[in-house]
Amino acid sequence: MVTHNLAQARRLADHVAVCWVRDGCGCVLDSGPACELFESARDPLAHRYLNGLLCRAARVQEAQ
């Protein structure tokens with residue numbers, strides 16, 4: 001399943017992969033068991049995204 005709905009991912013996923021665009025290329029920032037990743041993602045950007053700490057303006061700035 002692919003979703004941008006984090007609440008849905010928390011409810012349904014056993015395993016999560018956080019995909020992002022860096023330097024114009026898609027990459028996996030972090031992946032692992034959903035319960036662990038939502039609590040303590042290893043990648044700082046993935047952690048901020050999964051915990052709702054990024055706004056649209058911040059994502060645009062990160063991409064640049």
Side-chain angles (χ1 to χ4, degrees):
M1 174 181 82
V2 175
T3 184
H4 291 108
N5 184 325
L6 295 178
Q8 183 181 48
R10 280 183 190 265
R11 280 193 322 273
L12 301 176
D14 293 323
H15 190 91
V16 173
V18 179
C19 301
W20 206 261
V21 176
R22 281 196 173 150
D23 300 323
C25 296
C27 64
V28 175
L29 293 180
D30 209 342
S31 67
C35 58
E36 291 177 19
L37 206 61
F38 276 103
E39 292 302 316
S40 58
R42 293 173 297 274
D43 182 90
L45 182 57
H47 177 77
R48 288 176 26 221
Y49 176 72
L50 291 171
N51 289 284
L53 301 174
L54 289 178
C55 66
R56 180 168 165 61
R59 287 193 301 266
V60 169
Q61 187 176 21
E62 293 265 4
Q64 296 174 350

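From a predicted model like this one, the values you see are computed outputs, not experimental measurements. The first residue of the sequence shown is numbered 1, and numbering continues consecutively from there.
Between the CZ atom in Arg10 and the CG atom in Leu12 there is a gap of 13.0 Å [rounded to 0.5 Å]. Note that OH of Tyr49 is 4.5 Å distant from CG of Leu6, once rounded to the nearest 0.5 Å. With values rounded to the nearest 0.5 angstrom, Arg42 atom CZ is found 6.5 Å from Leu37 atom CG. A distance of 10.5 Å separates CD of Glu36 from CG of Asp30, quoted to the nearest 0.5 Å. Going from atom CG of Asn51 over to atom CD of Glu39 covers 7.0 Å, rounded to the nearest 0.5 Å.
In the displayed structure, Asp14 atom CG is contacted under 6.0 Å by at most 12 heavy atoms of other residues, nucleotides or ligands. Counted within 6.0 Å of CD on Gln8, heavy atoms from surrounding residues, nucleotides or ligands total more than 12; the atom is thus considered enclosed.
You'll find the side chain of Leu29 reaches within 4.5 Å of the side chain of Arg22, heavy atoms only. Residues Asp43 and Val18 are not in side-chain contact: their nearest non-hydrogen atoms beyond the backbone lie 4.5 Å or more apart.
Clustering ILVMFWY residues whenever any of their side-chain heavy atoms sit less than 4.5 angstrom apart, transitively, puts Val16 in the very cluster that holds Leu54.
When all heavy atoms are compared, the tightest approach of Ala13 to Ala34 is O-CB, 3.4 Å.
Checking side-chain atoms of Asn5 against main-chain N and O of Ala7 turns up a donor-acceptor pair under 3.5 Å.
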